[in-house]
K.L.:
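Questions regarding the structure given below will be posed in turn.
Small disclaimer: the values here were computed from a predicted structure and weren't measured. Quick note on labels: first sequence line is chain A, next is B, and so on, each numbered from 1.
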Amino acid sequence: MQEKKALKEEKLKQEEKYMWAIVDGVKEKVGNFRVEPPGLFRGRGEHPKMGKLKKRIHPRDIIINIGEDAPVPECPIPGERWKEIRHDNTVTWLCYWSDPINPKLFKYVFLAASSSLKGQSDKEKYEKARLLKDYIENIRAAYTKDFTSKDITKQQIAVATYLIDKLALRAGNEKDDDEADTVGCCTLKVENVTREAPNKLQFNFLGKDSIKYENTVEVELPVYNAILKFQKDKGPSDDLFDKLDTNKLNTHLKELMPGLTAKVFRTYNASFTLDDKLAKDTKDGDVAEKMVVYNHANKEVAIICNHQRSVSKSHSAQMTKLNEKIDELQAVLKELKVDLDRARKGKPPTKSSDGKSKRNLAPEALEKKISQTNAKVEKMRRDMMTKEDLKTIALGTSKLNYLDPRITVAWCKRHEVPIEKIFNKSLIAKFAWAMDVDPDFRF
DNA sequence: ATTGTGGACTCAGAAACTTGGTG
DNA sequence: TCACCAAGTTTCTGAGTCCACAA
């Protein structure tokens, strides 16, 4: 115990000198500062490069970015030196190296999420998404009009924007053959969308991280007809939007609102939904009841964004265990009821299963025990339902990346829910910029 | 001009690790 | 009190988005 603590402190002391950077005179926390150790590349899903050897990174691979007058960090490996020292104040990275699996790509060391630099850009992201509120009505009107445009590019842009808006799909950049075969909106293939007459579309594709997206939605009839047209005379693996790519789409979106891109819709959709659900569903009640409302809203967002997780290996074992516990409590309950009956008639309690005799309790005491046990069973039942309900849903990703923290902070202030109930220590640090929000803030 | 590409940043789920509750 | 285990948190690193710039 003592040893462990000392060991931990020693480790922290060693790492301390890598943990901070002075940016414009302010000490800021650095994100991850370790290079990735060598090993075998796995990749997500069916990755063409699976099993490739990932080579060790040396100081000679690393480019460092520091101020003109800042001292060059000492190279930790004797006899080696850094690849390059740069002084670029237009970027935020502290250093980078080539990804050994794909040398065209870089790996970076950035400041931590809690740094003011990241906080500022996080805030800007949400401000942009909020700006979309002022434009969304016109944007929807415009693309609805273009559902039937004779200009096929315009029509494809309209339908793609509709799907991104309605379903929070990702933009969908082109991918190389040496990457996993996944798609987003612009790269959907004919086979990814099945029409279901008269006006339903069935989506089935692998998205980012090879996570399966399955969703059947009712769409406006002109959209249905446009999809029918885009699929006509094409093979299953042909591009659904053959006149479209993310570049064209974003260029178009920028004409509708300054800085608008496809991903803004995802942020907007997520944050809007949270704000909306909280406003509609929050009732008077205790903190626990309000937490249920919050988690419900969070779940809805996670489903919209298709944030999934694999079922934990021990899930079914855990459920079985909980069931057994409930059964045990039920048996206890049954016995308590018999004893209560007897106690009321002035009889002594029954013998317990191991043959020992029990303490003589007043009926009132037994009644109390029964109601306590009942409450316990109810709580376990609820916990089990929630556990089962959320076994494939990841709530964390949206909390971290899509939900404007000011919605949560303001809601907590209005409803007297401690923010610690919803944000853990690192989220509170990351969202420091949002903590002093006005309680009346709405997204 | 349009398209392609390098570059830099956000977003992603799983694994590893820590904490805390419980029998 | 102690061992266990599930929940919570942090780390890891892969996978997207999108911009700038140039051919």
K.L.:
At under 4.0 Å between heavy atoms, what does A:Lys387 touch on the DNA or RNA strands: base, sugar-phosphate, or nothing?
P.N.:
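The answer is sugar-phosphate, as A:Lys387 gets under 4.0 Å only of primed atoms, P, OP1 or OP2.
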K.L.:
Of the listed nucleotides (C:dA15, B:dC11, C:dT13), which one gets closest to any side-chain atom of A:Lys175?
P.N.:
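It is C:dA15.
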K.L.:
Choosing from C:dA15, B:dA8, B:dT10, which nucleotide comes nearest the side chain of A:Ser121?
P.N.:
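The listed nucleotide nearest to A:Ser121's side chain is B:dT10.
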K.L.:
Reckon A:Arg170 has a side-chain N or O less than 4.0 Å from the OP1 or OP2 of B:dA12?
P.N.:
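Yes, within the criterion.
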K.L.:
Examine B:dA12: is either OP1 or OP2 under 4.0 Å from a nitrogen or oxygen in the side chain of A:Arg266? Give yes or no.
P.N.:
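Yes.
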K.L.:
Verify the distance criterion only: is there a donor paired with an acceptor across the side chains of A:Asn173 and A:Thr246 at less than 3.5 Å?
P.N.:
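There is such a pair (donor and acceptor under 3.5 Å, judged by atom type) between the side chains of A:Asn173 and A:Thr246.
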K.L.:
Counting the atoms with a prime plus P, OP1 and OP2 as sugar-phosphate, which does A:Gly396 contact under 4.0 Å by heavy atoms, base, sugar-phosphate, or nothing?
P.N.:
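No contact at all - A:Gly396 keeps every heavy atom at 4.0 Å or more from the nucleic acid.
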K.L.:
From C-beta outward on A:Thr92, which listed nucleotide comes closest to its side chain: B:dC11, B:dG6, B:dC9?
P.N.:
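The closest nucleotide is B:dC9.
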K.L.:
May I ask you to say what A:Lys118 touches in the nucleic acid, namely base, sugar-phosphate or nothing, with a heavy-atom cut-off under 4.0 Å?
P.N.:
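Sugar-phosphate: the residue A:Lys118, judged by heavy atoms under 4.0 Å, touches backbone atoms but no base.
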K.L.:
So A:Ser312, base contact, sugar-phosphate only, or nothing? Heavy-atom distance under 4.0 Å.
P.N.:
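No contact at all - A:Ser312 keeps every heavy atom at 4.0 Å or more from the nucleic acid.
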K.L.:
When you match A:Asp245 and A:Tyr108 each to their closest nucleotide on DNA chain B, which lands nearer the 5' end?
P.N.:
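Looking at the nearest nucleotide for each, A:Asp245 comes out on the 5' side.
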K.L.:
Of the residues in residues 52-66 of chain A, which ones touch DNA chain C at a heavy-atom distance under 4.0 Å?
P.N.:
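Per residue number, the list reads A:Lys54.
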K.L.:
Select base, sugar-phosphate, or nothing to describe what A:Phe41 touches, counting heavy atoms under 4.0 Å on all strands.
P.N.:
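Sugar-phosphate contact only.
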K.L.:
Has the side chain of A:His307 got a donor or acceptor atom that lies under 3.5 Å from a matching backbone atom of A:Thr397?
P.N.:
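Side chain of A:His307 to backbone of A:Thr397, a donor-acceptor pair under 3.5 Å: no, none is there.
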K.L.:
With sugar-phosphate meaning primed atoms plus P, OP1 and OP2, does A:Gly172 contact a base, only sugar-phosphate, or nothing at under 4.0 Å between heavy atoms?
P.N.:
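Sugar-phosphate, backbone atoms only, no base.
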K.L.:
Quick check on DNA chain B: between A:Lys104 and A:Lys430, whose nearest nucleotide comes earlier from the 5' end?
P.N.:
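Its nearest nucleotide being more 5', the pick is A:Lys104.
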K.L.:
Which part of the nucleic acid, if any, lies within reach of A:Pro103 when heavy atoms closer than 4.0 Å are counted: base, sugar-phosphate only, or nothing?
P.N.:
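It contacts nothing in the nucleic acid.
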K.L.:
Please lay out, stage by stage, how A:Asn102 and A:Glu179 fare under the test side-chain hydrogen bond (donor to acceptor under 3.5 Å, both in side chains).
P.N.:
CA-CA 10 Å; A:Asn102 188 349; A:Glu179 297 174 284; 5.8 Å; no
K.L.:
How many whole angstroms separate atom NZ of A:Lys425 from atom P of B:dG20?
P.N.:
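Value for this atom pair: 10 Å.
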K.L.:
Indicate, with yes or no, if the rings of A:Trp93 and A:Phe106 have centres closer together than 6.0 Å.
P.N.:
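Not close enough - the centres of the two rings lie 6.0 Å or further apart.
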K.L.:
Select base, sugar-phosphate, or nothing to describe what A:Ser314 touches, counting heavy atoms under 4.0 Å on all strands.
P.N.:
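Counting heavy atoms under 4.0 Å across all strands, no contact is made by A:Ser314.
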K.L.:
Rounded off to whole Å, could you give me the NZ-to-C1' distance for the A:Lys212 and B:dG13 pair?
P.N.:
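Checked: the NZ to C1' distance equals 18 Å.
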K.L.:
Do A:Glu388 and A:Lys391 sit within salt-bridge range, that is, some charged N less than 4.0 Å from a carboxylate O?
P.N.:
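A salt bridge is present here (some side-chain N lies under 4.0 Å from a carboxylate O).
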K.L.:
Among B:dG13, C:dA6, C:dC18, which nucleotide sits nearest the side chain of A:Ile211?
P.N.:
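Of all the options, the side chain of A:Ile211 is nearest to B:dG13.
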K.L.:
Are any of A:His307's side-chain N or O atoms less than 4.0 Å away from OP1 or OP2 of B:dC11?
P.N.:
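So the side-chain polar atoms of A:His307 never come under 4.0 Å of the phosphate oxygens OP1 or OP2 of B:dC11.
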K.L.:
B:dC11 phosphate, OP1 or OP2: any side-chain N/O from A:Lys263 under 4.0 angstrom?
P.N.:
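A:Lys263 to B:dC11 OP1/OP2: side-chain N or O found under 4.0 Å.
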K.L.:
Both A:Arg44 and A:Asn247 contact DNA chain C. Taking the nearest nucleotide for each, which residue is further toward the 5' end?
P.N.:
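The residue whose closest nucleotide sits nearer the 5' end is A:Arg44.
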K.L.:
Has A:Asp99 got a side-chain atom pairing as donor or acceptor with A:Lys107's backbone, closer than 3.5 angstrom?
P.N.:
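Side chain of A:Asp99 to backbone of A:Lys107, a donor-acceptor pair under 3.5 Å: no, none is there.
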K.L.:
If I take atom CZ in residue A:Phe106 and atom C1' in nucleotide C:dG14, what distance separates them, rounded to the nearest angstrom?
P.N.:
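Rounded to the whole Å, the gap is 17 Å.
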K.L.:
So, does A:Tyr402 get its side chain near the phosphate of B:dT10, meaning an N or O under 4.0 Å from OP1 or OP2?
P.N.:
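False: A:Tyr402 side-chain N/O out of range (4.0 Å or more) of B:dT10 OP1/OP2.
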K.L.:
Using atom CE of A:Met19 as one end and atom C1' of C:dT10 as the other, report the distance to the nearest whole Å.
P.N.:
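Distance check: A:Met19 CE to C:dT10 C1' gives 12 Å.
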K.L.:
Give a yes-or-no answer on whether the side chains of A:Asn306 and A:Gln308 include a donor-acceptor pair shorter than 3.5 Å.
P.N.:
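On atom types as modelled, these side chains qualify, holding a pair under 3.5 Å.
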K.L.:
Between C:dA6 and A:Lys321, is there an OP1 or OP2 to side-chain N/O distance shorter than 4.0 Å?
P.N.:
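Affirmative; the distance criterion is met.
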K.L.:
Does the side chain of A:Lys125 get closer than 4.0 angstrom to OP1 or OP2 of B:dC11 through an N or O atom?
P.N.:
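For B:dC11, OP1/OP2 do have a side-chain N/O of A:Lys125 under 4.0 Å.
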K.L.:
Please report the distance, rounded to the nearest Å, between CG in A:Asp177 and C1' in C:dA15.
P.N.:
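My rounded result for the distance is 17 Å.
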K.L.:
Regarding A:Ala180, tell me which of base, sugar-phosphate or nothing describes its non-hydrogen contacts under 4.0 Å with the strands shown.
P.N.:
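Here A:Ala180 touches no strand at all.
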K.L.:
Could you tell me whether A:Arg130 and A:Glu127 make a salt bridge, using a distance below 4.0 angstrom between a side-chain N and a carboxylate O?
P.N.:
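The answer is yes: the pair qualifies as a salt bridge.
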K.L.:
Under 4.0 Å, counting only non-hydrogen atoms across every strand here, what does A:Thr246 touch: a base, just sugar-phosphate, or nothing?
P.N.:
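No contact.
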K.L.:
If you assign A:Asp99 and A:Lys29 each to the DNA chain C nucleotide with the nearest heavy atom, which residue ends up on the more 5' nucleotide?
P.N.:
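Whichever sits nearer the 5' end wins; that is A:Lys29.
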K.L.:
For A:Asn424 and C:dG8, is the shortest distance between a side-chain N/O and OP1 or OP2 below 4.0 Å?
P.N.:
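Indeed not, no polar side-chain atom of A:Asn424 lies that close.
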K.L.:
Check whether any side-chain nitrogen or oxygen of A:Thr261 sits under 4.0 Å from OP1 or OP2 of C:dC18, and answer yes or no.
P.N.:
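A:Thr261 to C:dC18 OP1/OP2: side-chain N or O found under 4.0 Å.
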K.L.:
Are the side chain of A:Asp61 and the backbone of A:His58 linked by a donor-acceptor contact shorter than 3.5 Å?
P.N.:
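Such a contact is found between A:Asp61 side chain and A:His58 backbone.
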K.L.:
May I ask you to say what A:Arg42 touches in the nucleic acid, namely base, sugar-phosphate or nothing, with a heavy-atom cut-off under 4.0 Å?
P.N.:
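No contact at all - A:Arg42 keeps every heavy atom at 4.0 Å or more from the nucleic acid.
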K.L.:
Hey, is NZ on A:Lys55 packed in by over 12 heavy atoms from elsewhere, all under 6.0 Å?
P.N.:
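Counting neighbours around NZ of A:Lys55, 12 or fewer heavy atoms of other residues, nucleotides or ligands fall under 6.0 Å, so no.
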K.L.:
Check this one for me: any side-chain N or O of A:Gln308 less than 4.0 Å away from OP1 or OP2 of B:dA12?
P.N.:
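No, A:Gln308 has no side-chain N/O under 4.0 Å of OP1/OP2 on B:dA12.
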K.L.:
Quick check on B:dG13: is either OP1 or OP2 less than 4.0 Å from any side-chain nitrogen or oxygen of A:Thr397?
P.N.:
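Answer yes for this pair, as a side-chain N or O of A:Thr397 is under 4.0 Å from OP1 or OP2.
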K.L.:
Assess the side chains of A:Tyr143 and A:Asp165: does a donor N or O sit below 3.5 Å from an acceptor N or O?
P.N.:
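Distance-only check passes for A:Tyr143 and A:Asp165.
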K.L.:
Within the 4.0 Å heavy-atom criterion, would you say A:Gln318 contacts the bases, only the backbone, or no part of the nucleic acid?
P.N.:
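The residue A:Gln318 makes sugar-phosphate contact but no base contact.
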K.L.:
By nearest atom, which of the nucleotides B:dA8, C:dC19, B:dT3 is closest to the A:Lys248 side chain?
P.N.:
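Nucleotide nearest to A:Lys248's side chain: B:dT3.
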K.L.:
How close or far is atom C1' of C:dA7 from atom CD1 of A:Ile422, stated in whole angstroms?
P.N.:
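Value for this atom pair: 18 Å.
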K.L.:
May I have the distance from A:Asn173 (atom CG) to C:dA15 (atom C1'), rounded to whole angstrom?
P.N.:
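My rounded result for the distance is 11 Å.
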K.L.:
Is there a side-chain contact between A:Asn250 and the phosphate of C:dC18, meaning an N or O under 4.0 Å from OP1 or OP2?
P.N.:
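For A:Asn250, the contact criterion (side-chain N or O under 4.0 Å from OP1 or OP2 of C:dC18) is met.
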K.L.:
Taking the minimum atom-to-atom distance to the side chain of A:Ser310, which one of B:dA14, C:dA6, B:dT3 wins?
P.N.:
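Output: B:dA14.
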K.L.:
Does B:dT10 have OP1 or OP2 under 4.0 Å away from a side-chain N or O of A:Lys208?
P.N.:
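No, A:Lys208 has no side-chain N/O under 4.0 Å of OP1/OP2 on B:dT10.
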K.L.:
With sugar-phosphate meaning primed atoms plus P, OP1 and OP2, does A:Arg309 contact a base, only sugar-phosphate, or nothing at under 4.0 Å between heavy atoms?
P.N.:
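Touches sugar-phosphate only.
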K.L.:
Is A:Lys290 paired with A:Asp286 through a side-chain N to carboxylate O contact shorter than 4.0 Å?
P.N.:
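Judged by the 4.0 Å cut-off on N to carboxylate O distance, A:Asp286 and A:Lys290 do not form a salt bridge.
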K.L.:
Roughly how many Å is it from CZ in A:Phe265 to P in C:dG16, rounded to a whole number?
P.N.:
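Distance, rounded to whole Å: 21 Å.
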